[in-house]
Amino acid sequence: MQLPETEATMFEGIMGPQRLLNKNFLLLCSGQVLSSIGSQFSIIALAFWVKHATESAAIMGSILMIGSIPAVLLGPIAGTLADRFARRRIIIICDILNGLAALSLAGLMVSFPENTSAALAWLAVVTVFAGTMSCFLQPALIAAIPDVVPVKRLASANSVAQFLMQATVFLGQGTGGLLYRLLGAPLVFAIDGLTFLVSALCAIFTTIPQTIPEKSAGLKLHLQDFRKDLSE
């Protein structure tokens with residue numbers, strides 16, 4: 001049976017050779033959705049654990065706040081790096097490092113359950129580290145979307161990506177408290193770490209056909225080009 005022209009065009013646009021739902025876009029979104037859900041689990045577990053361990057809302061708020069400091073300081077630099085270096089590599093490295101950081105926190109809590117001070121200090125370090133990695137990860141992800149979808153589908157791809165990220169916040173925060181009650185903070189942090197590692201694995205199998213600017217010869221010229229891009 002032959003499809004009407006409008007339906008055939010729509011079907012070809014989504015599932016054809018220049019489709020939106022291609023392998024690279026699906027892998028990129030799947031990995032980041034999974035890691036984003038894990039991050040939401042971790043945020044809820046962090047808040048509950050700190051409040052329970054210290055009985056201080058001020059400490060809990062301070063730890064959550066310091067995680068946003070890297071975004072203020074490193075945002076412009078991270079965006080420039082996403083344009084000048086391989087975005088796929090940035091995504092993989094950030095996901096792996098985020099995963100190892102979360103797993104290290106879980107391991108510390110399991111190994112020394114009574115040492116609240118050490119866990120609290122390392123939690124602050126991991127929070128700042130995760131914020132730093134997010135500074136480099138998010139610009140690379142945003143810039144990678146035009147590389148993995150057809151130009152005519154870019155608006156749809158951005159809409160899908162934004163919807164998925166908002167859905168992960170709703171789903172992750174909605175179930176994060178339940179997981180904290182059932183499993184405890186260490187296992188929730190471990191789950192977060194594993195989701196980042198799975199996300200890195202998805203990125204490994206993703207092809208991002210990025211055009212990287214040609215690097216200038218010599219460190220001085222390279223730094224000048226970098227400063228120019230940063231200024232722009």
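Here the OG1 atom belonging to Thr54 is positioned 6.5 Å from the CG atom belonging to Leu120, to the nearest 0.5 angstrom. Separation of atoms CG (Leu34) and SG (Cys202) is listed at 7.0 Å; rounding is to 0.5 Å. For the atom pair OG1 (Thr132) and CG (Leu97), the distance works out to 11.0 Å, reported to the nearest 0.5 Å. A distance of 12.0 Å separates CZ in Phe136 from CG in Asn98, rounded to the nearest 0.5 Å. How far CG of Leu141 is from OG of Ser35: 8.0 Å, rounded to the nearest 0.5 Å. The structure places CG of Leu154 at 9.5 Å from OG of Ser159, a figure rounded to the nearest 0.5 Å.
For CH2 of Trp49, the number of neighbouring non-hydrogen atoms (other residues, nucleotides, ligands) closer than 6.0 Å is greater than 12.
In this structure, Val126 and Ala101 approach most closely via the heavy-atom pair CG2-O, 3.8 Å. Minimum interatomic distance between Ile145 and Ala157 (heavy atoms only, all atoms of both residues): CG2-CB, 3.8 Å. Heavy-atom minimum distance, Thr206 versus Arg88: O-NE, 2.9 Å. Minimum interatomic distance between Thr116 and Ala53 (heavy atoms only, all atoms of both residues): CG2-CB, 3.8 Å. Nearest heavy-atom pair across Ser134 and Pro139 is O-CD, 4.1 Å. Nearest heavy atom pair, residue Val33 against residue Leu164, reads CG2-CB, 3.7 Å.
Hydrophobic cluster membership differs between Phe25 and Leu201, with clusters built from Ile, Leu, Val, Met, Phe, Trp and Tyr side chains linked at under 4.5 angstrom. Residues Val125 and Leu123 are members of one and the same hydrophobic cluster, defined by side-chain heavy-atom contacts under 4.5 angstrom among Ile, Leu, Val, Met, Phe, Trp and Tyr. Under a hydrophobic-cluster definition in which Ile, Leu, Val, Met, Phe, Trp and Tyr are linked whenever side-chain heavy atoms come within less than 4.5 Å, directly or via other members, Ile63 and Met60 are assigned to the same cluster. Hydrophobic cluster membership differs between Leu182 and Tyr180, with clusters built from Ile, Leu, Val, Met, Phe, Trp and Tyr side chains linked at under 4.5 angstrom. No continuous path of hydrophobic side-chain contacts links Leu171 to Ile43 [ILVMFWY only; heavy atoms under 4.5 Å].
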Side chain to side chain contact (heavy atoms under 4.5 Å, CB included) between Leu28 and Asn24: does it pass, once the steps are laid out?
CA-CA 6 Å; Leu28 194 64; Asn24 294 320; over 6 Å; no

Would you please test Val128 and Ile69 for side chain to side chain contact (heavy atoms under 4.5 Å, CB included) and show each step?
CA-CA 8 Å; Val128 173; Ile69 292 177; over 6 Å; no

List the steps, then state whether side chain to side chain contact (heavy atoms under 4.5 Å, CB included) holds for Asp192 with Phe41.
CA-CA 7 Å; Asp192 182 27; Phe41 290 165; 5.7 Å; no

Could you walk me through whether Ile37 and Gln40 pass side chain to side chain contact (heavy atoms under 4.5 Å, CB included), step by step?
CA-CA 5 Å; Ile37 291 176; Gln40 296 303 319; 5.8 Å; no

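Side-chain N or O atoms of Arg87 include one that pairs as donor or acceptor with a backbone N or O of Ala143 at under 3.5 Å. The main-chain N or O of Ala58 is found under 3.5 Å from a side-chain atom of Ser62 such that the two form a donor-acceptor pair.
Side-chain contact check for Phe196 versus Met133: every heavy-atom pair is 4.5 Å or farther apart. Side-chain contact between Leu137 and Ile90: absent, with no pair of heavy atoms (C-beta onward) separated by less than 4.5 Å. Within the 4.5 Å cutoff, the side chain of Gln32 has heavy atoms near those of the Ile91 side chain.
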